[in-house]
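First comes the structure, then the notes that go with it.
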There are 2 protein chains.
Amino acid sequence: MATIKDVAKLAGVALSTASYAMSGDSKVSAKTREKVLEAARQLNYQKNGFAMDLKRSRTNTIALILTDLSGPYYSELIRSIQDVALSNSYDLIACSSMGGKDSTAVRFLLEKRVDGAIVLAHNITDEILQAAGSSRFPIVVMDRLIASEGLINVVVDGELGGYSATRYLIEKGHEHIAYISGPANSYDNALRYKGFQRAMQEAGLEEKTKWKLNGGFIREGGYKSTKMMLMQGELPSAVFYANDEMAVGGMKALEEGGISVPDEISVIGFDDIQLAEYIQPPLTTIRQPMYESGSLAGHLLFQMLNGDTVNDFYKLKIELVERQSVLPRK
Amino acid sequence: MATIKDVAKLAGVALSTASYAMSGDSKVSAKTREKVLEAARQLNYQKNGFAMDLKRSRTNTIALILTDLSGPYYSELIRSIQDVALSNSYDLIACSSMGGKDSTAVRFLLEKRVDGAIVLAHNITDEILQAAGSSRFPIVVMDRLIASEGLINVVVDGELGGYSATRYLIEKGHEHIAYISGPANSYDNALRYKGFQRAMQEAGLEEKTKWKLNGGFIREGGYKSTKMMLMQGELPSAVFYANDEMAVGGMKALEEGGISVPDEISVIGFDDIQLAEYIQPPLTTIRQPMYESGSLAGHLLFQMLNGDTVNDFYKLKIELVERQSVLPRK
DNA sequence: GTGAAAGCGCTAACAA
DNA sequence: TTGTTAGCGCTTTCAC
């Protein structure tokens, strides 16, 4: 691989002149620049990114860290952050936190291979985030509340979401409501559940433990826990799935069990994933403002990168999307 | 930010000893190592990734380059590559080629910020790929045929796919078939169209230019071109959308136009995206072996990284997924 | 087992 | 305008 040294030698100029010429510095004469560029072309020269970053100690890149790159849920979020990054002429890379402590994500965070990060990955521990974040390395955290230097929180009001979903069911006359939950350690799930409880208590409704099942936020989990609920005999009149993926799995289980949605049982989800609109019946759900929150996260990150001070906590509102999976109880 | 130098000083050892101690080299005594580790802890030391990469001239990272990170289509592909990377204990980052020449993707490729790449991004030009690829920087290209040192091709048999889809329609008795195409410059689209033409010619069927419309591979495009087709009056008995996204858009247009699928018009797609199964009616389509091709691409990349020689061309077979959007012509 | 020193490829301050 | 040179932070050879 040719280095800038080779280029300089071939062009018959000093190292620095070659460097200046290639970065378009105005102090090199047009003639010299052309000579250098020609030499670079001949040698098929490509600058070494690391050397540059090392020298500059800036990468012009931010990272988006997700639990699982292949998850289809985040596409709007990614898009919004991509837009912000692009308009700030920063590069964006996405990396997965699969692998926990040894993941790509953690290395990027700890070894400062980027200038800042947006994190939405519950398997990255608070300790790592706290160790990584600083005023010189801002991190926007979107999946939990955590306070530390350089960390700022952008979250969606999950409690209100859980409350609204439950309230909506109650207003439709439902009294027996099941809650299919996400993973026990999930902050998001905890919030949604808290909202669920608040609405239930407020309405003087009883929450049955046999109708609280764990679906781990995945489709398969929603399917299995619904099957289990079916086997228990008595059915609730409505089910609140703590996310849409589980609702999709659950509706499949219901269908297989010959239970019609929404005639015999009402279903509400959470997230408003793309599928929600297309599934049969279209799923009533709580929409998370993905684009907005991603956009906000991105803007905040760049403000911090520019040395501006910003608040360290932002909470976004949710919105109920009424479709056809909920019917008033007869 | 503390450097290894600070750590060494605090621990009272030489720079190199500190380095050895932290990388777990066996020649440092346990006592010295402990001293160093303690100092590192005190200083909250984190190694600088770039300096390491620069020195090592290896990054242990591969990149997956996609046109648009937010596209939901690739989730299986990403998953498979993620799996392979993880099992080779390599890091994987995903970056977008949005922004063309100035995109993150191009910088990563040209500046060798990773050890190798898998590319599925039609807006990266052949020239860039050819300039970037070499035996020391392998690239697996999945969206076109291109020969150059260090480049290997993994493609899906799009021509056969286009042929099979069309053939299937013809066997169901359809004679008037529209083709909604992808972007003009898309290699994938060209292939699918070629297959379409072959099947039509073979069957002695005439291809009408008014039934060849461009939908740009996006949902909106499928919607618009279908609207346009509707306005033209005469309808084909079947439509071959060159990808599922366009089919989704198209089916919406058809529904709005009061045309029933599949009773009045049959529809076939290409890709087998997740939605295909859930849309009404479920979409008959050509499945691309996403997981398999991603897995293959990953394995090949690592073989090249290990210095093995591999063939430079692989073609994977497609598969027709029969659902309910096609009916025999009455 | 430990330390001194070279150098990865680049940028930028300084000198000429 | 051009050239010389000092590092950026790290790994690794080589001498002790």
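None of these values were measured; they are calculated from a predicted model. Quick note on labels: first sequence line is chain A, next is B, and so on, each numbered from 1.
- B:D115 places a side-chain N or O within donor-acceptor distance of the main-chain N or O of B:N60, the cut-off being under 3.5 Å.
- A donor-acceptor pair under 3.5 Å is formed between the side chain of B:D6 and the backbone N or O of B:T3.
- The main-chain N or O of B:F50 is found under 3.5 Å from a side-chain atom of B:N48 such that the two form a donor-acceptor pair.
- At least one donor-acceptor pair closer than 3.5 Å links the side chain of B:N153 to the backbone N or O of B:D312.
- Applying the 4.0 Å criterion to OP1 and OP2 of C:dT2, one finds that B:T32 has a side-chain N or O inside that range.
- Between B:R41 and B:E38, at least one side-chain nitrogen of the basic residue sits less than 4.0 Å from a carboxylate oxygen of the acidic one, meeting the salt-bridge criterion.
- Between B:Y90 and B:F302, the two ring planes are perpendicular [angle over 60°; tilted spans 30° to 60°].
- Against DNA chain D, the stretch residues 38-50 of chain B makes heavy-atom approaches under 4.0 Å through B:Y45, B:K47, B:N48.
- For B:N306 (side chain) and B:D308 (main-chain N/O), no donor-acceptor pair under 3.5 Å exists by modelled atom type.
- Taking the side chain of A:L15 as heavy atoms from C-beta on, and the options D:dT12, D:dG9, C:dT11, the nearest nucleotide is C:dT11.
- Checking B:D53 against B:T59 by side-chain atom types alone, no donor-acceptor pair falls below 3.5 Å.
- Atom-to-atom, NZ of B:K5 to C1' of C:dG3 comes out at 15 Å; the value is rounded to the nearest Å.
- The nearest whole Å value for the distance from the CZ atom in A:R56 to the C1' atom in C:dG9 is 13 Å.
- Between the side chain of A:R33 and the backbone N or O of A:Y20 there is no donor-acceptor pair closer than 3.5 Å.
- Two residues, B:V28 and A:A51, neighbour DNA chain C, and the one matched to the more 5' nucleotide by heavy-atom proximity is B:V28.
- Dashed line: the shortest gap from a side-chain N or O of A:S57 to OP1 or OP2 of D:dG9 is not under 4.0 Å.
- Here B:T17 reaches the OP1 or OP2 of C:dG3: one of its side-chain N or O atoms lies under 4.0 Å away.
- In this structure, the CG atom of B:D6 is 9 Å from the P atom of D:dG9, given to the nearest Å.
- When heavy atoms are screened at a 4.0 angstrom cut-off, A:S23 is found touching no nucleic acid atom at all.
- In this structure, A:K9 places its NZ atom 16 Å from C1' of C:dC10, rounding to the nearest Å.
- Between D:dT11, C:dC14, C:dT2, one nucleotide has an atom nearer to the side chain of B:K27 than all others, and that is C:dT2.
- Note on the helix from C:dG1-D:dC16 to C:dA16-D:dT1: angle between the axes of the first and last five pairs equals 40°, rounded to 10 degrees.
- Atom CD1 in A:I4 sits roughly 12 Å away from atom C1' in C:dA12 (whole-Å rounding).
- Counting to the nearest Å, the C1' atom of D:dG7 and the CE atom of A:M52 are 17 Å from each other.
- Side chain of B:S186 to backbone of B:N189: a donor-acceptor contact under 3.5 angstrom is found.
- The distance between atom OH of A:Y20 and atom C1' of C:dG9, rounded to the nearest whole Å, is 16 Å.
- Of all nucleotides listed (C:dG9, C:dA13, D:dT12), C:dG9 comes nearest to the side chain of B:L54.
- Base contact: B:S16 has a heavy atom under 4.0 Å from a base atom.
- Comparing C:dA13, C:dT2, D:dT11 by their nearest atom to the side chain of B:K55 picks out D:dT11.
- Rounded to whole angstrom, the span from the CG atom of A:D53 across to the C1' atom of C:dC8 amounts to 14 Å.
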